[in-house]
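One structure is given here, and the rest of the page talks about it.
We name chains A, B, ... by the order of the sequence lines, and we start the count at 1 in each one.
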Amino acid sequence: MTASAVRVRFAPSPTGYLHVGGARTALFNWLFARQLGGVFLLRVEDTDKARSTEESTAAIFEGLRWLGLSWDEEVVYQGSQPFLERHQRDARAMLESGHAYRCFCTATELDERRKEAEARKDSFKYDRRCDRLSADEVAARVAAGSPFVIRFRVPEGSTGWHDMVHEDIAFPNKDIEDFVILRSDGTPIYNLAVVSDDIFMRISHVMRGDDHISNTPKQILLYQALGAARPVFAHFPMIHGLDGKKLSKRHGATAVGDYQHLGILPEAMCNFLALMGWSPGGDREVMSMAEMTELFSENGLLKKAAVFDTKKLEWMNGQHIIRLPLDDIAARVLPSVVATGLVTAAALEAKHAWYLSLIDLLRARARTLGEIAEMAKPFLVQTVTYDAAAAAKAWKDPAEARAVLRAAHATLAACGTWERAALEAALTALGEAQGLGASKLLAPIRVALTGLSNSPSIYDMLPIFGREQSLARLAAAEQHLAGHLSA
RNA sequence: GGCGGUAUCGUCUAGGGGCCUAGGACAUAGCCCUCUCAAGGCUAGAACACGGGUUCGAAUCCCGUUACCGCUACCA
């Protein structure tokens, strides 16, 4: 097969949001296509009209776009008229070629028989009774207007394939029942629709979740009955929650949109997802999209279900936050910073260099974009709010703290230049002169400057605040403590 | 129940007969760095599900058992 013949698709059913498991499947398809210069397609499986919604479709597109998984060609809708008609044509063709037959058993009857079998602890499989109907009988029922479904007549033998991740898998056909391919209302059942569409879309590799393994033999049978060449199949392992069960709402955030709002970068999300079911080999872990595209290989595909651990996702996000270009991160965190309500985008634009240096200072200590915005707050407020616990600790003795602040204020005010090195030298000298250790000296200043007990280095912050603002904050804290003393 | 799949530290994984007294990462604990918090560095504990084979030799190959997961619809 030539590389250009690679055509893969992601085929979600629009009944919810883009789930992390779906996102992982989409990512693998995308990576595979991009690496081989193939085509990545999107097909919305909306044949179940009752459960499909437009909001869901939009949410899935949005999730894919955010992740950067761009698709080629027009999105295809499985439930659209031309598609439906083709599904019916294919079903009819199989009826005519003898690969399928009409079944007049009603859903209720089937249900009862299934329950009876269950009560006897027998496994239920359709008994093919309608396949034994005479041609005349069938014609009579059709003429009488009896509703019927079309069932595929599963042949003798065994159906297997060579899976890209599981190697060889085979199912004895006797374990596959004569499954329905067309409902009594003329709409197709999943397996028919999928095969019909994959043939039509000339899909070369069907890559999906493990949960489709048992559908595969049925689909292969359909390809054969339809006289079409089958694609290569790949079944990726499932993603589970911390309890080992299939990931669901109970496990917390499972929609990719949840992570977007949490301040996770799409690069980190993809990187993390890629490692669930795939490994580039060796100790390689943190990768850019370009690196993953280059390294992706079916040899690294894993069989075991992976547990989704948000702790590692967060760590990985921190790694991407540090590695991505500063202006890129600064631009992406901007909406969150503006959302604090403390500053406008225009104001930040006006002092872009200052904003960049601020973000540079904060990003090493953040794991999410939201944390960066949170840590940026003290730098954006007009008046500092002193955190009670921080003040209680750093300003334990108000008189002493006030003295330190006053001395620091005088020292810094006397500084000729407002540069990091000079400032540090001046304060270090002050500390030595007063016999104050770094902690004793700097902790009160930290609270005066930020109101918090944790922050970037004082010497890094001073230039960010600037001379005027720094001195003002020192003075304000001193004032605050003075009030505290008289009270 | 039937059928199918999977099985290395708590988690993500490296490993494809000897390089394995099993490596890396997250998490956890401790130390270093240090003005706090991160980041970074170092260290520790922590795994080949079990039982049989095959082989001079098995985490790696085969079989069985067990556990877990999935499918078992006129859902997708």
- prompt: Now, which nucleotide makes the Watson-Crick or G-U wobble pair with B:U11, with each of the two distances under 3.5 Å?
  reply: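 Partner of B:U11: B:A25.
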- prompt: Across all strands shown, which nucleotide pairs with B:G45 by Watson-Crick or G-U wobble geometry, both distances under 3.5 Å?
  reply: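 None - no nucleotide pairs with B:G45, as no candidate has both distances under 3.5 Å.
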- request: Please identify each residue that fulfils side-chain contact (heavy atoms from CB on, under 4.5 Å) with A:Pro444, with sequence neighbours left out.
  value: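 Residues passing side-chain contact (heavy atoms from CB on, under 4.5 Å) with A:Pro444: A:Trp395, A:Val404, A:Leu405.
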Output yes when at least one side-chain N/O atom of [X] is less than 4.0 Å from OP1 or OP2 of [N], else no.
X	N	answer
A:Arg284	B:C12	no
A:Arg367	B:A39	yes
A:His212	B:C71	no
A:Lys304	B:U8	yes
A:Ser279	B:A14	yes

Which of these nucleotides, [options], is closest to any side-chain atom of [X]?
X	options	result
A:His240	B:C3, B:C74, B:C69	B:C69
A:Ser13	B:G24, B:A76, B:C74	B:A76
A:Asp175	B:A14, B:G2, B:C12	B:G2
A:Asp309	B:U11, B:A14, B:A76	B:U11
A:Asp211	B:G70, B:U13, B:G2	B:G70

Please tabulate the protein-to-nucleotide N/O contacts below 3.5 Å involving nucleotides 40-45 of chain B, giving atom names and distances.
residue	atom	partner	partner atom	Å
B:G40	OP1	A:Gln319	NE2	3.2

On a whole-Å scale, what distance lies between the [atom1] atoms belonging to [N] and [M]?
N	M	atom1	result
B:U43	B:A58	P	32 Å
B:G10	B:G4	C1'	29 Å
B:G30	B:U72	P	49 Å
B:C20	B:A39	C1'	33 Å
B:U6	B:G18	C1'	27 Å
B:C19	B:G57	P	15 Å
B:C61	B:C69	C1'	25 Å
B:U60	B:U54	P	15 Å

- request: Establish, for the pair A:Arg141 and A:Phe148, whether the NZ or CZ atom is under 6.0 angstrom from the six-membered ring centre and no further than 45 degrees off its axis.
  value: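 Ring-cation test returns no.
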message: Under 4.0 Å, counting only non-hydrogen atoms across every strand here, what does A:Ile458 touch: a base, just sugar-phosphate, or nothing?
response: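 If one applies the 4.0 Å heavy-atom cut-off, A:Ile458 turns out to touch a base.
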Tell me if the side-chain of [X] makes a donor-acceptor pair with the base of [N], cut-off 3.5 Å, by modelled atom types.
X	N	result
A:Ser184	B:C74	yes
A:Lys311	B:C26	no
A:Glu285	B:G24	yes
A:Lys303	B:A7	no

Is the distance from the ring center of [X] to that of [Y] below 6.0 Å?
X	Y	value
A:Phe152	A:Tyr101	no
A:Trp71	A:Phe61	yes
A:Phe465	A:Phe379	yes
A:Phe272	A:His320	no
A:Trp278	A:Phe28	no

- prompt: Between atom CZ in A:Arg43 and atom C1' in B:A76, what is the gap in whole Å?
  reply: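 A:Arg43 atom CZ is separated from B:A76 atom C1' by 11 Å.
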- prompt: Only one of A:Arg151, A:Arg102, A:Arg128, A:Arg153 forms a salt bridge (Lys or Arg N to Asp or Glu O under 4.0 Å) with A:Asp178, so which one is it?
  reply: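 Looking at A:Arg151, A:Arg102, A:Arg128, A:Arg153, the match for A:Asp178 under the salt bridge (Lys or Arg N to Asp or Glu O under 4.0 Å) is A:Arg128.
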